[in-house]
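Okay, so here's the structure we're looking at.
All of these numbers come straight from a predicted model, not from anything done at the bench.
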Amino acid sequence: MKVFVCMNSIPLEILQTIGHLEIIKSISAAGADGIEIRRELLGQDDSLKELGALCRELNLDIYYSAPECLIGPHYQMDEQRFKQLTREADELGAELLKLPLGHYHFTETDMTQVNKVLVEEMKSHSGLKITIENDQTLEGGNLNRIAHFLNRSEKLDIPIRLTFDMGNWLYTDEVPMKAAQELGRYVVYVHLKQVKREKEEWITEPISLPLQSDVNELLEWFSGTYPRAIEFPVTLENVATYISLMKMEQGVNHERA
């Protein structure tokens, strides 16, 4: 089991002060197996090629996360925008591109178009995996909508899977355990975090380690060995501790293949 660190887990002021390259070096030194680069955090001076080259030099797997939705506000896929994101993922050298589902409609969304575009892009960018993620919006975090989309995708052999964010379900009044039971077979990547309700809003917190029994029960619904990502607030001083504890959960040491 590989442990990733999401760039949005690092305090924004630290990222803006020392930059992506230094943070990537620190995350590698802390024992991470991979890193999730966030499109929304990239600055004008950040080069995808340079970031990717450093990650490969440090033997870090690369995932690329973009906030742009797979399905646009008119219920259809924005083909040009999606192709732009796959080009960026390719430039970065990413193995996986993660997007929110967006405005999927049970009957109006043209799944034939989705299939055509994804198959074409997979041929152009060999090895790139595409996932949707349950986000914190009512459109992209609705369990029924996500399940319906993934079920239709499966029937049409559309090459798309799921990034399962444990905490985001609560933002949309969904039950994480129910989501794991219904969607477990589609999951290839997991965001770990805890959220709690405080003054009418949800606050993200570090997970409790060792993992609580309900979290382990939830994770058992996912098939295969999939990467788990730290997507909760950490510092460059304590991230190594969280990585180590997460690896100990599966009896995995710090050596990377």
Side-chain angles (χ1 to χ4, degrees), residues 1-67 88-99 127-129 131 133 163-168 188-195 204-211 219 225-257:
M1 186 269 296
K2 293 184 176 182
V3 175
F4 278 59
V5 177
C6 300
M7 287 300 292
N8 61 324
S9 296
I10 305 298
L12 183 58
E13 60 271 20
I14 301 298
L15 175 60
Q16 293 174 337
T17 299
I18 68 175
H20 276 80
L21 294 175
E22 292 304 314
I23 288 179
I24 289 170
K25 292 175 186 176
S26 296
I27 289 173
S28 174
D33 301 292
I35 191 159
E36 182 181 308
I37 301 294
R38 310 280 294 208
R39 189 174 195 260
E40 68 272 20
L41 296 179
L42 294 172
Q44 291 183 343
D45 296 331
D46 289 315
S47 162
L48 291 172
K49 286 186 177 179
E50 188 176 13
L51 296 179
L54 177 60
C55 289
R56 287 187 292 277
E57 179 184 330
L58 297 173
N59 200 26
L60 286 171
D61 293 343
I62 312 167
Y63 287 179
Y64 189 43
S65 171
E88 291 176 9
D90 193 52
E91 186 176 356
L92 180 63
E95 301 173 30
L96 181 146
L97 170 63
K98 176 178 72 67
L99 308 165
L128 179 65
K129 298 187 182 100
T131 76
E133 178 189 17
T163 293
F164 188 99
D165 188 298
M166 291 175 56
N168 282 353
V188 295
Y189 181 41
V190 177
H191 277 183
L192 290 179
K193 66 187 177 195
Q194 290 179 181
V195 298
T204 301
E205 293 185 322
I207 58 171
S208 300
L209 291 167
L211 294 175
L219 293 173
T225 302
Y226 46 83
R228 300 179 185 178
I230 291 172
E231 205 205 13
F232 50 80
V234 293
T235 67
L236 297 182
E237 290 72 34
N238 68 13
V239 65
T241 299
Y242 281 108
I243 292 170
S244 176
L245 289 171
M246 285 173 64
K247 290 190 175 189
M248 287 172 60
E249 287 284 332
Q250 295 292 323
V252 179
N253 62 31
H254 292 281
E255 295 299 321
R256 293 197 291 270

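Of all heavy-atom pairs spanning Lys2 and Asp33, the tightest one is CA-OD2, 3.4 Å. Of all non-hydrogen atoms in Ala229 and Cys6, the two that sit nearest each other are CB-SG, 3.8 Å. Counting all heavy atoms, side chain and backbone alike, Gly167 lies closest to Val195 at O-CG2, 3.7 Å. Closest approach of Leu192 and Phe232 over heavy atoms only: O-CD2, 3.1 Å. Of all the heavy atoms in Leu60 and Ser28, the pair that sits closest is CD1-CB, 3.9 Å. Nearest heavy-atom pair, Leu58 versus Lys25, reported as atom, atom and distance to 0.1 Å: CD1-CA, 4.0 Å.
Distance alone, capped at 3.5 Å, places no donor-acceptor pair between the Ser208 side chain and the Leu211 backbone. Asp165 places no side-chain N or O within donor-acceptor distance of the main-chain N or O of His191, the cut-off being under 3.5 Å. Side-chain N or O atoms of Ser9 include one that pairs as donor or acceptor with a backbone N or O of Ile230 at under 3.5 Å. Although no hydrogens or angles enter the test, the distance criterion places a donor-acceptor pair under 3.5 Å between the side chain of Lys247 and the main chain of Gly31. In terms of modelled atom types and a separation under 3.5 Å, the side chain of Ser244 and the main chain of Ala240 share no donor-acceptor contact.
Rounding to the nearest 0.5 Å places CG of Asp61 at 12.5 Å from CD of Glu36.
Considering only heavy atoms from C-beta on, Tyr226 comes within 4.5 Å of Val190 through its side chain. Contact check for Asn168 versus Lys193: side-chain heavy atoms found under the 4.5 Å cut-off. In this structure, Ser26 and Ile23 have side chains that are not in contact, with every pair of non-hydrogen atoms separated by 4.5 Å or more. Using a 4.5 Å heavy-atom cutoff, the side chains of Pro227 and Met1 are not in contact. The shortest side-chain heavy-atom distance between Ile14 and Thr17 does not fall under the 4.5 Å cut-off. Thr204 is not listed as a side-chain neighbour of Gln194, based on a closest heavy-atom distance of 4.5 Å or more. Considering only heavy atoms from C-beta on, Cys55 comes within 4.5 Å of Ile35 through its side chain. Using a 4.5 Å cut-off on side-chain heavy atoms (C-beta onward), Leu42 and Arg38 make no contact.
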Q) Tyr63 and Phe4: ring pair (Phe, Tyr, Trp, His ring centres under 6.0 Å), yes or no, with the steps? A) CA-CA 9 Å; Tyr63 287 179; Phe4 278 59; 4.3 Å; yes

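With respect to the salt-bridge test (charged N to carboxylate O, under 4.0 angstrom), the residues Glu95 and Lys129 do not qualify. Using a 4.0 Å cut-off between charged nitrogen and carboxylate oxygen, Lys98 and Glu133 count as a salt-bridge pair.
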